[in-house]
Amino acid sequence: MNEILQLLVYGLVLGSVLAMGAIGVSMIFGILRFAHFAHGDFMTLGAYLGLAFVSAFGLSAWWALPAAMLGMAIIAVAIDQLIYRRLRRTQPVILLISSFGMALILRSLVQLIWGSDNQTYVSGIQFPWRLDWLGGLRLKPDHVWIVLISSALIVMVHLFLSRTRLGKAMRAMSDNMDLARISGIPAERVIMMTWIIGGALAAAAGVFLGIDTRLHPMMGWTTLLPIFAAAILGGIGRPYGAIVGGMVIGISMEMSTLFISASYKPAVAFAIMVIMLIVRPQGIFKGTL
Amino acid sequence: MSILLEARDLYAGYGGNDILKGVNLGVEHDEIAVIVGPNGAGKSTAMKAVFGLLNIRQGQVLFRGEAITNTKPEQMVRRGVAYVPQEHNIFPSLTVQENLEMGAYLMKGDIRPRLAHVYELFPRLAERRRQPTGQMSGGERQMVAMGRALMIDPSLLMLDEPTAGLSPRLIDETFVQIQRINAEGIGVLMVEQNARQALAIATRGYVMATGANRHEDTGPALLADPAVAEMFLGG
């Protein structure tokens, strides 16, 4: 019982990271119709930008979050304007391949600047709280913060999508691109906002992952598969689905360690994705795939 | 005062092939103009070409006397032309009210009077304003589609087969609504499959075949024309 509760906590933390990444992947697919393969490396770059910021100013690890989010929002828009924008009138598969190339470029860049060794925001071990009334559950303060801040970001995304004109236009474009055009919705502005949100949330995912474990040039790339699994599970093009998908995949991955070796965690995500594609390819929230 | 919308001798199509081979259309702000004709005549293509969704290779589109040939849809909306496609004409995951708000995306200022007006025109939508449109019936979806187009307070409303797939009772209702909208001074240009009913309310009727105008007259006159009746109305 205690062990299940403990894994549930880890699952929520991983789920938060995956949800932050999957919201962006899902929105980008919904609006630009391509699977953004560089999203994992957006996470990596975001995490390292945060690291550079906190070490330059000697700040505590949590300052990495706003710096990384702001930096990646700007970089995501720049990459879109300089590269993806020029390919938008071609086939989506060309965008997909170019994003694959972008993934390699960003990863190499991170490796070039920060090296390929593991790095951490804070050195030393954080002592968890021991909750005796919950069967001795160990709770790390970082984990609590990751889940709380993710929840706050999710609420903000929700308010943006449901209350603001631009947010509604984003959902409209994801629903029906042609009708959005006919209605006079300015596509380029919506696309730019999609990259701002997608980039910022990817950076948040990267920082969370960095705080929870360590920073490494491959950290985002290896998280990309579960992120895609989360986006597909939720219904691609549906940000709310991505949140649910992220939590389901994250918790499943951690729970699986009760039965199989922890090194099979990515395989669990992959299995869920494949089963979902066979049984219900449109996902939980009936996506636009 | 020049005519609201006029298309002169349009040639347009997809790729290198012209589907339209010399189409002429016109509508005044107090008119209902109806295009009828057999399948594949190019009726919907003509609508798309006028609205800027398809490149016009030759010919002219005039709006209030000004040449607007190949104007982009966004600019058409800014000029006060609204278009309702035949299919996929709603945002299914958005609520009724959000669909209407998207119609008014380019409108500046308070859109509440427009919303109230559309709800007055379609009371059933007012009852369901918080409902996602994807789960609604065909008739209700068509109301949402028309309501969205009306949100910009258009001077011209272009409808592509607004009664397609509706029950006879809803078809009657739709034609009554279209007449009400027209009575507010909004010109209506529509393609219709229910040729008899549509021509009966048409101040201008166009019969198209193989990408060109075949007959042109007032709706009732076309209905009375034996040649038209035999060719397109099934006797």
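Lettering follows sequence order; numbering is per chain, from 1. Predicted model, so just to flag it, every value in this text is computed and none were measured.
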*asked:* I need the contact set between residues 150-167 of chain A and chain B: heavy-atom distance under 4.5 Å, sorted by residue number.
replied: A:S162, A:R165, A:L166
*asked:* Sort by residue number and list every residue of residues 109-123 of chain B having at least one heavy atom under 4.5 Å from chain A.
replied: none
*Most heavy-atom pairs under 4.5 angstrom with chain A, which of B:T95, B:I152, B:L106, B:N99?*
B:L106
*Report, by ascending residue number, the residues of residues 75-101 of chain A in heavy-atom contact with chain B at a distance under 4.5 Å; give 'none' if the set is empty.*
none
_Pairwise distance CG(A:D175) to CD1(B:I90) - rounded to 0.5 angstrom_ = 8.5 Å
*Do the side chain of A:N176 and the main chain of B:F91 share a donor and acceptor less than 3.5 angstrom apart?*
no
*asked:* Does any backbone or side-chain atom of B:P92 lie under 4.5 Å from a heavy atom of chain A? Answer side chain, backbone, both or neither.
replied: both
_Whether B:N89 side chain and A:L179 backbone form a donor-acceptor pair below 3.5 Å_ = no
*asked:* Using 0.5 Å steps for rounding, measure from the CE atom of A:M173 to the CE atom of B:M102.
replied: 12.0 Å
*asked:* B:L53 vs A:I182, test: side chain to side chain contact (heavy atoms under 4.5 Å, CB included). Steps then yes/no.
replied: CA-CA 9 Å; B:L53 290 165; A:I182 288 167; 4.1 Å; yes
*Hey, which of B:M151, B:H88, B:E98, B:M76 has the most heavy atom pairs under 4.5 Å with chain A?*
B:E98
*Looking at A:G184 and B:Y105, what are the two nearest heavy atoms and their distance?*
O-CD2, 4.4 Å
*asked:* Distance alone, cut at 3.5 Å: any donor-acceptor contact between the side chains of B:R148 and A:S183?
replied: yes
*Sequence neighbours excluded, every pair satisfying salt bridge (charged side-chain N to carboxylate O under 4.0 Å, His left out) that has a member inside residues 71-80 of chain B*: B:E66-B:R79, B:E74-B:R78
*For the atom pair NZ (A:K168) and CG (B:L94), what is the distance rounded to the nearest 0.5 Å?*
8.5 Å
*Would the number of heavy atoms belonging to other residues, nucleotides or ligands and lying under 6.0 Å from CZ of A:R280 be above 12?*
yes
